[in-house]
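Structure record follows, encoded as structure tokens.
Protein chains get the first letters and strands the later ones, always in sequence-line order, with residue 1 at the start of each.
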Amino acid sequence: MTVRTRFAPSPTGYMHIGGMRTALFNWLYARRHGGQFILRIDDTDKERNLDEALGPILQAFKWMGMDWDEGPEVGGSHGPYFQSQRTEIYQKALEKLLADGSAYKDFDPPEVIQADREAAQEEKKQYLNIRRSLELSNEQVTEYEAEGRKYVVRLLVPREEKVSLTDAVRGDVEFDCGLISDPVIARADGSPLYNFATTVDDADLEITHVIRAEEHLSNTPVQILIYRALGLNVPTFAHIPFVAAPGTKEKLSKRKLDKYRKNPQFKKMFEAADRVFPRIGLGGCDGLDPVMVEYYEKIGYLPDAVFNALARLGWSLDDKTEVMSRETIIENFSLERVVKSPAGLDPDKLDSLQQYWMSELPASEKTDHCLPYLIHAGLLPDLVSDDQRHLVDQVINVFGQRLSTFGDILEVDYFFKAELRESDIDEKGFRKRVCKGEVPKLLLEYSQQLEELTEWTASSIELSLQQFAESKEISAGLLIPALRICTTGAASGPDVYETLAIVGQNLCVERINDVAQRAADLQS
RNA sequence: GGCCCCAUCGUCUAGUGGCCUAGGACUCUGGAUUUUCGUUCCAGCAACUGGGGUUCAAAUCCCCAUGGGGUCACCA
């Protein structure tokens with residue numbers, strides 16, 4: 001039998017990074033065993049705009065490079081893949097259950113149920129639904145229905161039984177049915193509820209392995225009961241640990257964002273968002289946050305890095321392999337090596353993986369990815385000329401390992417600015433490095449030499465500075481930081497000679513004169 | 001509260017009774033390289049939640065405690 005796994009997102013308008021990890025394990029398992037990975041959309045909350053709500057989710061899969069064999073856009077032989085379009089299938093299953101007595105119509109209104117629950121609570125007793133409607137004779141049921149009384153359908157739980165399952169990651173787990181209330185499987189309007197719809201769908205789509213987050217473990221006995229009542233094959237279940245917030249054991253949740261901003265490990269991701277997003281027109285952190293997969297795409301992570309990091313969250317290949325290509329991960333993925341305890345997302349680890357995968361990326365691809373940031377930030381026009389592209393190549397080259405995420409390119413925006421404003425200059429560095437003794441005077445003098453330089457390369461600039469320093473009997477180290485500040489405004493950055501070479505002769509001379517003159521004025 | 005799950009360095013993890021004076025990676029600290037930052041290299045800090053068993057031998061098996069988490073809807 002071929003392996004078939006699935007991921008069933010609700011169209012919520014964004015893809016949760018923890019959900020992506022669950023999806024990844026499903027995808028990996030299918031790919032490892034040459035099976036199929038299916039995307040099914042749990043869109044029972046009908047009203048939403050589906051395109052808007054589903055688009056970002058599909059985009060996240062595409063970005064991650066996780067294709068699906070059946071589902072939206074690609075179709076497949078087991079469709080439809082939207083729950084909202086599968087109502088007849090549920091209806092049929094429901095009728096079957098009702099017909100053979102595995103389920104029953106419950107005419108108790110919600111208020112009565114609520115009262116029962118409160119009563120149980122008051123007596124400090126475990127609540128179990130009271131099966132009043134089960135006492136009804138067939139005639140009464142028909143009568144009630146004729147009257148138009150509302151009812152829900154409940155699964156009749158065999159209270160004397162126990163349900164056990166062998167979970168692929170957790171081993172044997174047993175539940176006592178005597179403790180399980182009869183779950184509602186269909187609402188008064190006939191619409192199915194999650195546990196029921198999921199079970200019917202998983203069976204109908206012939207899913208062989210249900211790999212999902214551990215919070216579903218307690219849903220499993222009910223689902224197994226439904227499989228049994230319907231006479232369906234029970235798939236293999238694998239309950240994987242959820243993804244926790246960095247440094248915690250709590251499930252990562254979008255509702256706790258305010259708390260995460262203060263989390264020491266998480267903080268820098270929010271700071272990066274504040275730094276990058278406003279500049280590329282994505283408006284701060286309110287729109288994108290590190291709980292969403294889209295955040296990683298938009299801030300400029302490599303899908304390979306996120307893929308690698310997510311795969312390592314709760315799974316390991318062996319005792320030492322950390323950096324893994326997709327191929328390696330696919331070849332080695334197994335449910336047996338999934339850890340049982342929750343794993344906190346580790347931004348530091350992700351960054352280190354990111355750095356590795358970035359270093360593996362061909363230079364021209366780095367340029368391709370950086371270009372949109374520069375364009376959106378208004379530093380380059382929409383149509384980039386060959387010269388401009390070449391400039392980006394050079395900048396990326398000297399920026400080297402400092403370019404971790406593509407958004408980092410904005411840190412060296414000075415290479416793309418026609419003029420350097422006073423506000424662009426690092427104030428502290430300016431006072432400390434430029435407004436210092438003879439420095440302004442020396443800079444003005446040296447800029448004349450630069451102006452006369454016939455060859456404008458990093459090495460010729462370096463040579464000229466050395467000669468100048470010698471002639472003045474000073475250390476070149478005195479002028480290096482000042483030159484950097486004058487030409488870029490930044491207190492630190494790539495090699496100063498390379499930097500000057502890229503900025504260009506005219507601009508360098510102009511900027512040095514400007515800034516040094518201002519320093520000289522301040523001194524007097 | 002009932003039920004269920006989980007428990008190794010700060011973090012992610014290796015470990016399935018003897019290869020464990022517990023291994024790797026990230027972070028951090030120190031050093032070397034680099035007239036900045038970063039990179040790279042080298043070194044270092046750092047953990048089996050506690051208590052009982054079982055056994056010649058336990059991080060590994062069993063029990064209890066503690067702690068953490070999940071779940072108990074006409075949500076998914």
Side-chain angles (χ1 to χ4, degrees), chain A residues 8-12 42-45 83 106 108-110 113-114 117 120-121 124-128 150-154 167 169-171 173-176 178-181 183-195 197-198 213-222 239 241-242 244 246-251 264-265 309 312-323 336-337 339-353 355 359 399-404 408 411 429 433 465 469 475-481 483-485 490-496 499:
Chain A
S10 292
T12 52
D42 284 8
D43 59 343
T44 44
D45 277 354
Q83 283 194 329
D106 183 358
D108 286 353
I113 303 292
Q114 186 54 34
R117 202 174 273 131
Q121 183 141 21
K124 299 222 181 268
K125 268 169 53 185
Q126 177 60 17
Y127 168 75
L128 258 193
K150 291 248 195 292
Y151 64 86
V152 297
V153 178
R154 285 182 189 273
D167 190 279
V169 345
R170 266 145 229 282
V173 185
E174 193 182 68
F175 294 90
D176 184 353
L179 269 12
I180 301 174
S181 269
V184 174
I185 57 176
R187 297 187 183 91
D189 65 3
S191 62
L193 257 53
Y194 169 75
N195 270 322
T198 283
E214 67 169 301
E215 62 255 36
H216 289 285
L217 187 55
S218 44
N219 283 326
T220 310
V222 168
H239 288 92
F242 53 78
T248 73
K249 298 287 180 200
E250 278 173 51
K251 195 168 98 176
Q265 292 180 71
R312 278 290 291 109
L313 223 54
W315 175 80
S316 64
L317 194 161
D318 56 24
D319 59 338
K320 47 186 58 116
T321 313
E322 295 285 337
V323 176
E336 292 80 63
R337 290 195 66 86
V339 152
K340 295 181 181 67
S341 51
L345 185 71
D346 188 345
D348 287 331
K349 194 89 158 197
L350 170 63
D351 282 349
S352 106
L353 255 10
Q355 210 165 56
S359 71
F399 203 32
Q401 294 280 339
R402 296 173 191 82
L403 185 77
S404 175
D408 291 341
E411 283 173 29
R433 302 295 194 179
L465 182 66
S475 153
L478 182 67
L479 293 185
I480 286 173
L483 280 172
R484 179 194 302 287
I485 289 166
S492 65
D495 179 83
V496 75
T499 301

Tell me the partner of [N], counting only Watson-Crick (N1-N3 plus N6-O4 or O6-N4) or G-U wobble (N1-O2 and O6-N3) with both under 3.5 Å; none if nothing fits.
{"N": "B:C41", "result": "B:G31"}
{"N": "B:A7", "result": "B:U66"}
{"N": "B:G2", "result": "B:U71"}

Hey, is the side chain of [X] poking within less than 4.0 Å of OP1 or OP2 on [N], counting only N and O atoms?
{"X": "A:Arg337", "N": "B:G15", "result": "yes"}
{"X": "A:Arg484", "N": "B:U35", "result": "no"}
{"X": "A:Ser316", "N": "B:A14", "result": "yes"}
{"X": "A:Arg187", "N": "B:C75", "result": "yes"}
{"X": "A:Lys150", "N": "B:C74", "result": "no"}

Do the side chains of [Y] and [X] get nearer than 4.5 Å, heavy atoms only?
{"X": "A:Leu193", "Y": "A:Arg187", "answer": "yes"}
{"X": "A:Ile113", "Y": "A:Asp106", "answer": "yes"}
{"X": "A:Ser316", "Y": "A:Arg337", "answer": "yes"}
{"X": "A:Thr499", "Y": "A:Leu483", "answer": "no"}
{"X": "A:Pro241", "Y": "A:Arg170", "answer": "yes"}

Base, sugar-phosphate alone, or nothing: which one does [X] contact when heavy atoms must sit under 4.0 Å apart?
{"X": "A:Asp176", "result": "nothing"}
{"X": "A:Ser492", "result": "base"}
{"X": "A:Pro494", "result": "base"}
{"X": "A:His216", "result": "base"}
{"X": "A:Asp351", "result": "nothing"}
{"X": "A:Lys251", "result": "sugar-phosphate"}
{"X": "A:Phe175", "result": "sugar-phosphate"}
{"X": "A:Val323", "result": "nothing"}
{"X": "A:Arg433", "result": "nothing"}
{"X": "A:Gln121", "result": "nothing"}
{"X": "A:Pro110", "result": "base"}

Point to revise | Comparing A:Tyr151 and A:Gly314 on RNA chain B - which has the more 5′ nearest nucleotide | key: A:Gly314
**Study point:** 5'-most by nearest nucleotide on RNA chain B - A:Leu193 or A:Val496
**Key:**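 Of the two residues, A:Val496 wins.
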Check your understanding: Roughly how far apart are A:Gln265 CD and A:Leu345 CG, rounded to 0.5 Å?
Key ->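 These two atoms lie 9.0 Å from each other.
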Check your understanding: So how far is it from A:Ser191 OG to A:Ile185 CD1, rounded to the nearest 0.5 Å?
Key ->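 Answer for the OG-CD1 pair, A:Ser191 versus A:Ile185, is 11.5 Å.
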Whole-Å [atom1] distance, [N] and [M]:
{"N": "B:C4", "M": "B:C61", "atom1": "C1'", "answer": "22 Å"}
{"N": "B:A14", "M": "B:A47", "atom1": "C1'", "answer": "13 Å"}
{"N": "B:C9", "M": "B:G24", "atom1": "C1'", "answer": "12 Å"}
{"N": "B:U60", "M": "B:U16", "atom1": "P", "answer": "12 Å"}
{"N": "B:A7", "M": "B:C63", "atom1": "P", "answer": "14 Å"}
{"N": "B:C48", "M": "B:U13", "atom1": "C1'", "answer": "13 Å"}
{"N": "B:G50", "M": "B:G68", "atom1": "C1'", "answer": "15 Å"}
{"N": "B:G23", "M": "B:U49", "atom1": "P", "answer": "16 Å"}

[X] has a side chain; which of [options] sits nearest to it?
{"X": "A:Arg154", "options": "B:A76, B:G70, B:C74", "answer": "B:C74"}
{"X": "A:Ala343", "options": "B:U13, B:C74, B:G69", "answer": "B:U13"}
{"X": "A:Leu179", "options": "B:C37, B:C74, B:G2", "answer": "B:G2"}
{"X": "A:Ile480", "options": "B:A14, B:A73, B:U35", "answer": "B:U35"}
{"X": "A:Gln126", "options": "B:G1, B:A76, B:C6", "answer": "B:G1"}
{"X": "A:Phe242", "options": "B:U13, B:U71, B:G69", "answer": "B:G69"}
{"X": "A:Glu215", "options": "B:U71, B:C5, B:C6", "answer": "B:U71"}
{"X": "A:Arg312", "options": "B:G70, B:U35, B:C12", "answer": "B:C12"}

Exercise for review: Please evaluate the base of B:G24 for a donor-acceptor partner in the side chain of A:Glu322 within a cut-off of under 3.5 Å?
Suggested key: yes
Point to revise | No-H, no-angle donor-acceptor pair, A:Arg170 side chain to B:C5 base, under 3.5 Å | key: no
Review point. So with a 6.0 Å cut-off around CD of A:Glu411, is the heavy-atom count from everything else above 12?
Key: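 Yes, the 6.0 Å shell around CD holds more than 12 heavy atoms from other groups.
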Check your understanding: Would you say the side-chain atoms of A:Arg117 pair up with the backbone N or O of A:Tyr127, donor to acceptor, closer than 3.5 Å?
Key -> no
Practice item. Keeping the roles fixed (side chain from A:Asp43, backbone from A:Gln83), state whether a donor-acceptor pair exists under 3.5 Å. Key: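 At least one qualifying donor-acceptor pair exists.
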Review point. So which heavy atom on A:Glu322 is nearest to which on A:Leu353, and how close?
Key: O-CD1, 4.3 Å
Would you tabulate the nitrogen or oxygen pairs shorter than 3.5 Å linking the protein to nucleotides 7-11 of chain B?
unit_1 : atom_1 : unit_2   : atom_2 : d
B:U11  : O2'    : A:Asp346 : OD2    : 3.1

Exercise for review: Specify the separation, in whole Å, of atom CG of A:Leu313 and atom P of B:A14.
Suggested key: 12 Å
